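Shown next, in C-alpha cells, is the structure this report addresses.
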Amino acid sequence: MFVQEQQEIEVRIRAYCAEQGIPLNEIKWSALPFSGEWGISTSFFAAAAAEARSGKSVNVPQRAQEIAEQAAGLIRNVAGIARVEAIKGYLNLYFETPIYARRVVDAVLEQGRDYGRGAPKGERVMVEYAQPNTHHSFHIGHARNVVLGEALARLVEFAGFETIRASYPGDLGLGVITVLWAYNKFYKGQEPQGVHERGQWLLKIYVEATALLEPKENETPEEKAQREAYEAERREMYRKWDAGDPEVRALWQMTREWSLEELRDILRLLDVKIDVWFFESEVDEPAKQIVEELIARGIADDERPSGGAVIVKIDEKLGLTKEKYRTNVILRADGTTLYLTKDLALAKIKFEKFGVDRSIYVVDVRQSLHFQQAFAILRLMGFPQAEKCYHLGYGFVSLPEGAMSARRGRVVLFKDVIDDAVRRALAVESAKAPDLDEEQRRQVALQVGLGALVYSMLAVDNNRDMVFDVDQALSFDGRTGPYIQNAHVRANSILRKAGQIPQQAAFTHELTAHEVTLIDLLARFPETVQQAAGEYRPLVMANYAYDLANAFHSFYHSVPVLQSESESTRAARLRLVAAARQTLANALALLGITAPEVM
RNA sequence: GCCUCUGUAGCUCAAUGGAUAGAGCACUUGACUUCGGAUCAAGGGGCUGCGGGUUCGAAUCCUGCCAGAGGCGCCA
C-alpha cells in the first residue's frame with residue numbers, strides 16, 4: 001500500500017549501514033502490533049547478531065537498539081511518517097493518518113469487488129475437490145471437503161491464478177455394487193420422490209445390505225448359508241457390471257444419477273460451480289494404458305508372469321536407499337486397475353488435456369502417502385508439473401459419539417444439518433428482524449445458517465481432526481459466520497440511512513483508535529489474500545474476516561457516524577463504513593459465505 | 001517395526017523465529033429515550049504434554065521421551 005515511502009526509507013537505512021559497515025541483510029517490515037496504532041516496524045537483531053558472529057564483542061539486544069536509534073534519526077523528516085521511535089531493538093514508524101486513511105478508503109471504494117484482487121500470475125491451477133462416492137448420501141465429512149475446496153479455489157482465483165474447479169466422484173467399486181445388488185433384490189422398481197429422499201434412500205439400502213453381508217457372531221448354519229448366498233449374488237452382480245451387462249449397467253446409471261442429482265443440488269446450495277467432472281469409471285481405460293506405458297518405459301515391473309501384479313518400486317527407481325515411498329501395485333494380478341493407477345491417468349489428463357501448471361488435491365489426510373506416491377511416480381514419468389502438485393489434506397470429521405461410519409449408518413447428513421441451521425436462523429430472525437417478508441426471511445435464514453456452518457468448518461486449521469458438534473457449528477454468537485455477516489448488515493444499515501455515500505472525503509479529523517484499527521485492517525486485505533492463497537490456507541482468510549468484523553463492531557459502538565460532530569467528519573466516516581462493508585463482503589465471498597443486506 | 005499429524009486457558013480453537021501467547025464458549029459485572037444488543041466494554045482464568053539442544057530471541061526449528069489419531073505393494 002505504501003511501497004514508495006517504504007522504499008525510500010529502506011534506501012536511507014541501507015546507505016547508512018553500508019557506510020558504517022553494519023551487516024544488514026533484508027529489511028522485513030511488519031505491522032505495528034499495538035492496537036489503535038498504525039504503522040510498520042522492523043528490527044535489527046539479525047544485523048547485531050551478524051556483527052557478534054563476525055568477532056566483535058557486542059551485546060546483541062543492546063546493539064540492535066543502538067542501530068534502531070541511529071536508523072530512527074535518518075527518518076525524522078520523511079513525508080507521511082508522523083512519528084518514529086526506536087525501542088527494544090525495533091524501529092517503529094507511525095503513519096500520518098490523514099494521508100493514508102484517505103488513500104486506503106479511496107482505493108477500496110474505487111476497486112469495489114475487485115479490491116484485493118491480485119495481478120494475473122500467468123499460471124493455470126486446477127483444484128480437485130468434491131469427490132464423494134455415488135450411491136451414498138452426502139454427509140458432514142463431505143461438506144468439510146467441499147467447503148475447504150471451494151474457499152481455496154476462490155482464494156487462488158482472486159489471488160491471480162487462472163482456476164479450474166474439478167470434481168471426481170467415485171462411481172464404481174464394491175460399495176456401489178453392494179447397493180445395486182440390494183436394490184435389485186429387495187426394492188426393484190421403487191423410487192422415492194424428491195432429490196434428497198432418493199439420495200438418502202441409497203444410503204439406507206447400503207446400510208441394510210452391509211448388515212446382511214457381514215458375518216455375525218454366533219451365527220447359525222442357516223444364517224451362514226444365507227449370507228454366503230447373498231455374497232455370491234453380489235459377486236455375480238460385480239461380474240455382470242464388469243462385463244457390461246445392459247440391464248445392470250442401466251440400473252447402475254439410474255441409481256448413479258440419483259446420487260449425482262443430490263450432489264448437484266448441494267453444490268448449488270453452496271454456490272459451487274464445478275467446471276470439469278471426472279468420473280472414476282471414465283479413467284479406468286486410460287489407467288490401463290498408463291500401466292502399459294510404465295512397463296514399456298521401465299518404471300513399472302511386471303510380475304504377472306510369475307502370478308503377481310504390476311508394481312512400481314518407487315524408492316528404488318528414484319535411487320533412494322531409505323524407505324520413503326515404498327513399493328506400490330498399479331495393476332492387480334487379475335488385470336484390474338487401482339485407485340493409484342486411476343490418479344496417475346487423471347493427472348496425465350489434467351496436464352496434457354487441460355494444460356494445468358499447478359494441481360491441488362483436496363482430499364482426506366489419510367491419503368497423504370497415496371498422493372506422495374502418485375506425485376513421485378509422476379516425477380518418474382517426467383512431468384515437470386509434478387513439482388507443483390499439492391495434496392491439501394484435512395483431518396477427518398467425527399461425531400461426539402465417535403467416528404462416522406456409512407456402513408453402520410452412523411452419519412450426520414449435510415441436508416439435515418442445513419435444515420436445522422435454517423430452522424435456528426429463522427427462530428432468531430423472527431425476533432431480530434420481524435418486518436421481513438416471507439420470501440426474504442427464508443432466503444436470509446439460509447444465508448445465515450449456511451454462513452454459520454461454513455465458517456465453523458473453515459475456522460479450524462485443515463490438518464486438524466474435527467469433532468462435529470451441531471450446537472457449536474450452528475452457533476450464531478461470537479466468532480462465527482453470522483457475527484461477520486452482522487457487521488456487514490450493520491454497515492449496510494448505516495449507509496442505507498445516510499442515503500448516499502459522499503464522493504470524497506479528507507480524513508483531517510482527529511481519528512479515534514477504533515478508526516485507525518479499522519483502516520489498518522482494510523489496508524492489509526490484499527496481502528492477506530496473497531498469503532492465504534500462497535499457503536493454500538483458507539483459515540488465514542477466515543481469521544482476517546473475523547478480525548475485520550470485530551474491528552467494525554467496536555468502531556460501530558463507540559464512534560458516531562451519522563451524528564458526527566462535523567460534516568467533513570461525517571463524510572469521512574461514511575466512506576470508511578462503505579469501505580468496511582465492501583471489504584467484509586469481499587472477504588466473505590472468498591470464504592464462500594454470502595453477505596446479506598439485512599438479517 | 002517404519003512414517004505422518006496432533007498436544008496451547010475448564011471447553012473449542014488462533015498465533016509458522018520476534019515486543020506483554022490471543023479469541024470464542026462458559027463464568028462474573030456493566031452498556032439500548034442515541035446509526036440494529038446475532039453487538040460492545042471490563043474481569044478472573046496459562047510451567048504452550050515433559051526433558052535436553054540451537055538462537056540475541058522458541059508455542060514455533062532440532063532431539064529424546066509421554067499421550068492421542070492416522071498411514072504402510074493387489075481397499076478407496
Side-chain angles (χ1 to χ4, degrees), chain A residues 28 30 32-34 41 43 45-46 48-49 52-53 58-64 87-90 92 131 133 170 173-175 280 303 308-314 322-334 336-340 342-343 363-370 372-373 393 395-396 398 403 425 428-429 431-433 448 452 456 459-461 463-467 469 471-472 475-480 482-483 485-487 489-498 535 537 539 542-543 546-547 550 553-564 573 577 598-599:
Chain A
K28 268 193 307 187
S30 55
L32 285 178
F34 316 122
S41 101
S43 69
F45 295 108
R53 269 194 295 278
V58 294
N59 173 310
V60 172
Q62 215 170 43
R63 178 63 181 143
I87 182 168
K88 293 184 194 168
Y90 286 85
N92 295 333
Q131 321 91 327
N133 290 333
L174 192 62
E280 235 185 300
E303 295 183 342
V310 180
I311 62 170
V312 181
K313 296 173 180 167
I314 307 173
K322 270 180 68 180
E323 172 178 272
K324 183 166 184 189
Y325 300 106
R326 308 184 182 218
T327 295
N328 224 317
V329 172
I330 56 167
L331 193 73
R332 289 190 189 93
D334 66 4
T336 55
T337 65
L338 290 103
Y339 185 54
L340 177 66
K342 293 183 189 110
D343 252 328
V363 185
D364 191 322
V365 73
R366 281 176 286 196
Q367 295 176 30
S368 62
L369 177 61
H370 160 81
Q372 282 189 41
Q373 292 171 328
F396 64 84
S398 62
V428 178
E429 215 182 329
K432 307 278 181 190
V448 172
S456 76
V460 179
D461 208 358
N463 57 359
R464 268 177 185 267
D465 291 343
M466 215 171 89
V467 177
D469 179 292
D471 290 327
Q472 201 177 307
S475 164
F476 302 150
D477 300 325
R479 194 184 182 95
T480 64
Y483 174 94
Q485 291 172 314
N486 187 233
V489 165
R490 289 175 130 185
N492 191 58
S493 178
I494 291 178
L495 296 169
R496 195 174 52 234
K497 290 210 164 82
E535 295 176 5
R537 281 177 70 212
L539 170 66
N543 286 344
Y546 174 77
D547 291 341
N550 182 238
H553 278 304
S554 296
F555 161 82
Y556 179 92
H557 264 271
S558 63
V559 182
V561 177
L562 295 175
Q563 278 137 32
S564 296
R573 287 183 178 158
V577 170
V598 291
M599 66 190 275

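So you know, we letter chains A, B, ... as the sequences are listed, proteins then strands, and number each from 1. This structure is a prediction, so every number in the text was calculated from the model and none was measured.
- Distances shown here put every side-chain N or O of A:Lys88 at or beyond 4.0 Å from the OP1 or OP2 atom of B:G57.
- Checked by distance alone, A:Asn92 brings a side-chain donor or acceptor within 3.5 Å of a matching partner on the base of B:A19.
- For the P atoms, the distance linking B:G17 with B:A59 amounts to 13 Å, nearest Å.
- Residue A:Arg464 places no side-chain N or O under 4.0 Å from the OP1 or OP2 atom of B:A69.
- Looking at heavy-atom distances under 4.0 Å, A:Ala52 makes no contact with the nucleic acid at all.
- B:G7 and B:A21 have their C1' atoms separated by 16 Å, with the value rounded to a whole Å.
- A:Asn543 and A:Arg479 share a donor-acceptor pair across their side chains, judged by distance under 3.5 Å alone.
- Heavy atoms of A:Asp547 sit nowhere under 4.0 angstrom from any nucleic acid atom.
- Considering only the side chain of A:Asn463, B:U6 comes nearest among B:U6, B:C35, B:A76.
- B:A69 atom P lies 13 Å from atom CZ of A:Arg366, rounded to whole Å.
- Pair assignment for B:C25 gives B:G10, based on Watson-Crick or G-U wobble hydrogen-bonding distances that are each under 3.5 Å.
- Ranking B:U12, B:C72, B:C35 by closeness to the A:Leu369 side chain, first place goes to B:C72.
- Under 4.0 angstrom from either OP1 or OP2 of B:A41 there lies at least one side-chain N or O belonging to A:Ser554.
- Among the atoms of the strands shown, base atoms are found under 4.0 Å from some heavy atom of A:Ser41.
- Between A:Lys497 and the phosphate of B:G36, there is a side-chain N or O to OP1/OP2 separation shorter than 4.0 Å.
- Within 4.0 Å of A:Gln367, counting heavy atoms only, lies at least one base atom of the nucleic acid.
- Comparing the same atom, C1', in B:A26 and in B:A15 gives a spacing of 22 Å after rounding to whole Å.
- Both distances falling under 3.5 Å, in either a Watson-Crick or a G-U wobble arrangement, occur for no nucleotide opposite B:C35.
- Among the nucleotides B:C75, B:C35, B:A15, the one closest to any side-chain atom of A:Leu338 is B:C75.
- Nucleotide B:U4 holds its P atom 9 Å from the CD atom of A:Gln372, rounded to whole Å.
- Heavy atoms of A:Val312 sit nowhere under 4.0 angstrom from any nucleic acid atom.
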Quiz item: Can A:Asn328 and A:His370 be said to form a side chain to side chain donor-acceptor pair (under 3.5 Å), step by step?
Solution: CA-CA 9 Å; A:Asn328 224 317; A:His370 160 81; 5.9 Å; no
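- Rounded to an integer number of Å, the gap from OH of A:Tyr339 to P of B:A76 is 10 Å.
- To the nearest angstrom, C1' of B:U4 lies 13 Å from OH of A:Tyr325.
- The phosphate of B:G36 has OP1 or OP2 within less than 4.0 Å of a side-chain N or O from A:Ser493.
- Considering only side-chain atoms of A:Tyr546, the nucleotide from B:G71, B:A23, B:U39 that sits closest is B:A23.
- At a threshold of 4.5 Å between non-hydrogen side-chain atoms, the residues A:Arg496 and A:Val598 count as touching.
- Looking at heavy-atom distances under 4.0 Å, A:Asn550 makes contact with sugar-phosphate atoms alone, never a base.
- Side-chain atoms of A:Asn59 come within 3.5 Å of backbone N or O of A:Gln62 as a donor-acceptor pair.
- Distance noted for atom C1' between B:U28 and B:G70: 42 Å (whole Å).
- In this structure, A:Val489 reaches the bases: a heavy-atom distance under 4.0 Å links it to at least one base atom across the strands shown.
- In this entry the distance linking CZ of A:Arg490 with P of B:G36 reads 8 Å, nearest Å.
- In this structure, A:Phe396 reaches the sugar-phosphate backbone alone: every heavy-atom distance under 4.0 Å involves primed, P, OP1 or OP2 atoms, never a base.
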Exercise. Go through the steps to decide whether A:Glu280 and A:Tyr339 satisfy the test side chain to side chain donor-acceptor pair (under 3.5 Å), and finish with yes or no.
Key: CA-CA 9 Å; A:Glu280 235 185 300; A:Tyr339 185 54; over 6 Å; no
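- On the C1' atoms, B:C2 is 38 Å away from B:G10, given to the nearest whole Å.
- A:Ala48 comes within 4.0 angstrom of nothing in the nucleic acid, heavy atoms only.
- Dashed line: the shortest gap from a side-chain N or O of A:Asn328 to OP1 or OP2 of B:C74 is not under 4.0 Å.
- Of the two residues near RNA chain B, A:Glu535 and A:His557, the one whose nearest nucleotide lies more 5' is A:Glu535.
- As rounded to the nearest Å, B:G57 and B:C65 have P atoms that lie 27 Å from one another.
- Taking side-chain N and O atoms only, A:Tyr483 has no distance below 4.0 Å to OP1 or OP2 of B:G37.
- Within the 4.0 Å cut-off from OP1 or OP2 of B:A14, not a single side-chain nitrogen or oxygen of A:Arg537 is found.
- With rounding to whole Å, A:Arg53 atom CZ is found 9 Å from B:C56 atom C1'.
- Across the P atoms, B:U20 and B:C25 are found 28 Å apart, a figure rounded to whole Å.
- When atom types are taken as modelled, the side chain of A:Arg332 and the backbone of A:Thr337 share a donor-acceptor pair closer than 3.5 angstrom.
- The phosphate of B:A76 (OP1 or OP2) has a side-chain N or O of A:Arg332 nearer than 4.0 angstrom.
- Looking at A:Pro482 and A:Met599, their side chains come closer than 4.5 Å, going by heavy atoms from C-beta outward.
- Among the heavy atoms of the strands, none lies under 4.0 Å from A:Val58.
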Exercise. Verify side-chain contact (heavy atoms from CB on, under 4.5 Å) between A:Tyr325 and A:Val312, making sure each step is shown before the conclusion.
Key: CA-CA 10 Å; A:Tyr325 300 106; A:Val312 181; over 6 Å; no
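- As judged by a 4.0 angstrom heavy-atom cut-off over every strand, A:Val363 is placed among residues making no nucleic acid contact.
- The shortest distance between side-chain heavy atoms of A:Ser43 and A:Lys88 does not fall below 4.5 Å.
- Note on A:Glu280: only backbone sugar-phosphate atoms sit closer than 4.0 angstrom, heavy atoms only; bases stay farther off.
- A:Val561 comes within contact range of at least one nucleobase, with a heavy-atom separation under 4.0 Å.
- Pairing for B:U4 goes to B:A69, judged as Watson-Crick or G-U wobble with the two contacts each under 3.5 Å.
- Of the candidates B:C74, B:U12, B:A15, B:U12 carries the atom nearest the A:Gln472 side chain, counting heavy atoms from C-beta on.
- Of the residues near RNA chain B, A:Ala433 and A:Ala459, the one whose nearest nucleotide (by heavy atom distance) lies more toward the 5' end is A:Ala459.
- Within 4.0 Å of A:Arg326, counting heavy atoms only, lies at least one base atom of the nucleic acid.
- Distance check on atom C1': B:G24 versus B:C40 gives 15 Å, rounded to whole Å.
- Nucleotide B:A15 forms a pair with no other nucleotide shown, judged by Watson-Crick or G-U wobble geometry with both contacts under 3.5 Å.
- For the pair A:His553 NE2 and B:A23 P, the interatomic distance rounds to 16 Å; values are reported in whole Å.
- As a whole-Å value, the separation of A:Asn543 CG from B:A23 P is 13 Å.
- Here the side chain of A:Asp334 pairs a donor or acceptor atom with the backbone of A:Thr336 at under 3.5 angstrom.
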